[in-house]
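In what follows, every chain begins at residue 1, and chains take the letters A, B, ... in the order their sequences are listed.
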Amino acid sequence: MKDVMGIISLNENSDVLNNITNHRPLASVPFGGRYRIIDFVLSNMVNSGIQNVGVLTRYKHRSLIDHLRSGKDWDLDRKRDGLFIFPPENINNPAELYNGVMQNLYNNIDYIYKSRQKYVLVSGSDIIYNLNYRQVFDFHKQMKADITMIYKEINNINKLHSCSFITKMKNTRILDMEVNSCCSKSSKMCLEAYIMDKSLLIDIVNSCVSRGYIDFIKDGIVKNISILNVIGYQHTGYVAKINSIESYYQHSMDLLKTDIWKELFFKPGLVYTKVKDGAATKYTKDSVVRNSLIANGCIIEGTVKNSILFRGVRVDRGACIKNSIVMQKSVIEKNAVLENVITDKEVCITAGKILRGDKNYPLVIEKKKVI
Amino acid sequence: MKLMRKKEFVAMLLAGGQGSRLGILTKKIAKPAVPFGGKYRIIDFTLSNCYNSGIDTVGVLTQYQPLELNSYIGIGRAWDLDRKNGGVSLLPPFVREKGGEWYKGTANAIYQNVSFINQYNPKFVLILSGDHIYKMDYSKMLQFHKDKESEATIAVIEVPWKEAHRFGILIPDENGRIIEFEEKPVNPKSNYASMGVYIFNWNVLKDYLEKDENDPNSSNDFGKDIIPKMLQENVRMYAYSFRGYWKDVGTVESLWEANMDLLGEKPQLDLYDYNWPIYSVTPTQPPQFISETAEINCSLVSEGCMIFGRVEHSVLFFGVHVGKNSIVKDSIVMPSVKIGRNAVIEKCIICENAVVEDNCQIGAAACNSKGITVVGDSLRVPAGQKIPAGMVIGSEQLVKRS
């Protein structure tokens, strides 16, 4: 994999999680008790042996840069290669509207040119899964593919908007695709990760941009699907596509299933994230914790059921948290009750407050709010 | 070519001790590498104190079983001690032109590394030991040292009178100047115990190290030789009084106690203080999973644990698995230990990677004795096995016999 470079392009719709994405891109939304969504794709790359990763950001990149910094925690602080973070080029130029991945790639084409790897893996950042790309790369070479894309067979496609689907396949070859279809009949969801020759990528980008084509999949791939050997690689493991508060909530709660917990966090690779140095979590004599995911650095004196607590959360005596997600450094004071609630970072729920959301539509509390 | 820039203050951390009273806990690792408090190793406290006190040059003197310690400390990244100038340096004994020798004592260890310290040409040297659990701001002690125009400052802590005979006891005058020193006195004249934390003016210490080295009757120890000699020769020595939690975890009992100290309502040692974090090498582990059947009270549980049974008044390190209906009580369970179903573990220390199979009973659960039971690392305790309290299980054979 020495010969593959990684590109993570933050091409997602930026406001899908309402309050939670007010001040951060989807890629740096906290997930799974101690991670940010980007950690999964980034760790996949690192675990596969990719040592040169460029992150092309779009909006509100402060939070993401704060998270990634030098890339130390992913072992990407290297003399050569390593982690590159590219802020958007057109940030102060409203006339030149943002045009997705293609624009991102075009703006940073110099970086792609000068990297010494022959192949490139381009990925989005809003899909969570654990996969070693080495297998995909081997498959790519074995099939003599021009482009290999990863997909997943899914059951309930109704809930998935803003996705790409593979609609026609012959054996492993992809013959047609749909992007953002609201009524796709296909069950092959594209994981927005593509392996190809770097020269092909540059070719696609240049020829599209010079013709005013703006969409990477529609224009770059679908228009060329008859002349390119585009191959699908099926991923059979767990996949979480985050595109709404509901999907965020549901996929978070999926982690309370031990099989998914084991798979997503251990198989085949470990997931790295920014290290926080919190102590072990403390349970006191009154704490009642059931069916929950708890990160380090918490102090739990109350009740926590079917919930996820991020690092450094404090739950005071008599407080009760059910079916909720409490992000880092939040404080739930005495006798407060949370049910079906998502609190962002550093939220404080003062003593005795009762907050309830619906099971299908959790209540979201903004960052640093005191209630 | 002079590569190192001058440093005002250099710390030397003595980490070569065997800690023989810890028995099988230190069979393969040095005492400073012994796990503590759910995610740390003992040395994390001293290294974190250095970083939090603003010290960026630390020499770590290793000798006994340094392998694990070496890889743990690495280039000091976890404590932010990976620096261009200074940072952490591991200093094992080495061979010179005319042969080499082991570190004969604490003072000799520093003496053998005089040239390391000289590289930085410091004004002050801080001598530390990697065996203690405490949070201390060395920069305040240095300020005290400067204010008093001291040449040697020793940190002291008040210990209970009845325990004073176990320590090196200092007798200061009303200004804090040390007038007498007694090593483990039968009838102590004060209860100020030396914490093994010293600040010396480097030029003064250098002289005494050389003199000590040339004295064939010396045991080359700070407490036994250097300090008494300095007192005798009227070096300006002051006692710096430290208040707070400080514990020498030299024995299995004290290690167990120090861990249990963390489980109280308001423990004296606050690990959750954002202004004085204790840094450690963080394993890559997901958040802990607490199942529907789990019950956890008065405990510390770390990342990567999967708990299906009952955990009471215990410290669980990362990656520990506790099966359904099992009970873990008053115990320390070190990283990646797997405990099966229906097992009962009481007042035990279960070392890294050990496996306790279903229906085992270990420790106080198996009989009414009071001792601490220790199960060595990577051992497998077969299903249904009973191990009485106070046993130390160091090898598979012992498990089978018991």
Please determine whether the number of non-hydrogen atoms from other residues, nucleotides or ligands lying under 6.0 Å from atom [atom1] of [X] exceeds 12.
X       : atom1 : answer
R83(B)  : CZ    : yes
I65(A)  : CD1   : yes
R77(B)  : CZ    : yes
K274(A) : NZ    : yes

Legend entry - 4.5 Å side-chain heavy-atom contact, E295(B) and V288(A): no
Legend entry - N297(B) side chain reached by Y283(A) side chain, heavy atoms, under 4.5 Å: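 Not touching, per the 4.5 Å side-chain cut-off.
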Contacting region of [X] [heavy-atom separation from chain A under 4.5 Å]:
X       : result
L262(B) : backbone
D82(B)  : side chain
Y274(B) : side chain
L300(B) : both
F317(B) : neither
T282(B) : side chain
Q285(B) : both

Specify which of [options] makes the most heavy-atom pairs with chain B at under 4.5 Å.
options                            : result
N306(A), D286(A), V304(A), I299(A) : I299(A)
L264(A), T273(A), V289(A)          : V289(A)
L309(A), I308(A), I294(A)          : I294(A)
V271(A), T258(A), D73(A)           : T258(A)

Inset, instruction - Please round to the nearest 0.5 Å and tell me the distance separating atom CD1 of I290(B) and atom OG of S307(A). - result: 12.5 Å
Legend entry - Point-to-point distance, once rounded to the nearest 0.5 Å, from OG1 of T284(B) to CZ of F266(A): 9.5 Å
Legend entry - Among I307(B), V301(B), L271(B), V315(B), residue most engaged with chain A (heavy-atom pairs, under 4.5 Å): V301(B)
Inset, instruction - Look at G38(B), C298(B), S280(B) and state which one has the largest set of heavy-atom pairs under 4.5 Å with chain A. - result: C298(B)
For residues [X] and [Y], report the shortest heavy-atom separation together with the two atoms involved.
X       : Y       : value
W261(A) : P286(B) : CZ2-CG, 3.7 Å
G37(B)  : A280(A) : O-CB, 4.4 Å
Y35(A)  : P287(B) : CE1-CD, 3.9 Å
Q288(B) : N296(A) : NE2-OD1, 3.9 Å
Y272(B) : T281(A) : OH-C, 3.9 Å

Legend entry - Basic-acidic side-chain contact under 4.0 Å: E292(B), K305(A):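 Looking at K305(A) together with E292(B), the answer is no, because their closest N to O distance does not fall below 4.0 Å.
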Legend entry - Which atoms of K276(A) approach chain B - backbone, side chain, both or neither, heavy atom under 4.5 Å: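 The answer is neither part of K276(A).
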Legend entry - Contact class of T284(A) relative to chain B, heavy atoms under 4.5 angstrom: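 Just its backbone gets close to chain B.
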Legend entry - Sidechain-backbone polar pair: N291(A) side chain, S291(B) backbone, donor-acceptor under 3.5 Å: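 Answer holds: no.
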Inset, instruction - Indicate yes or no for a side-chain donor-acceptor contact from K39(B) to the backbone of D277(A) under 3.5 Å, with no hydrogens or angles considered. - result: no
Legend entry - For chain B, which residues of residues 310-339 of chain A have heavy atoms nearer than 4.5 angstrom: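 Heavy-atom contacts from residues 310-339 of chain A to chain B are G312(A), R317(A), K329(A).
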Inset, instruction - Quick one: do H313(B) and K285(A) satisfy side-chain contact (heavy atoms from CB on, under 4.5 Å)? Show the steps, please. - result: CA-CA 9 Å; H313(B) 203 259; K285(A) 65 179 194 307; over 6 Å; no
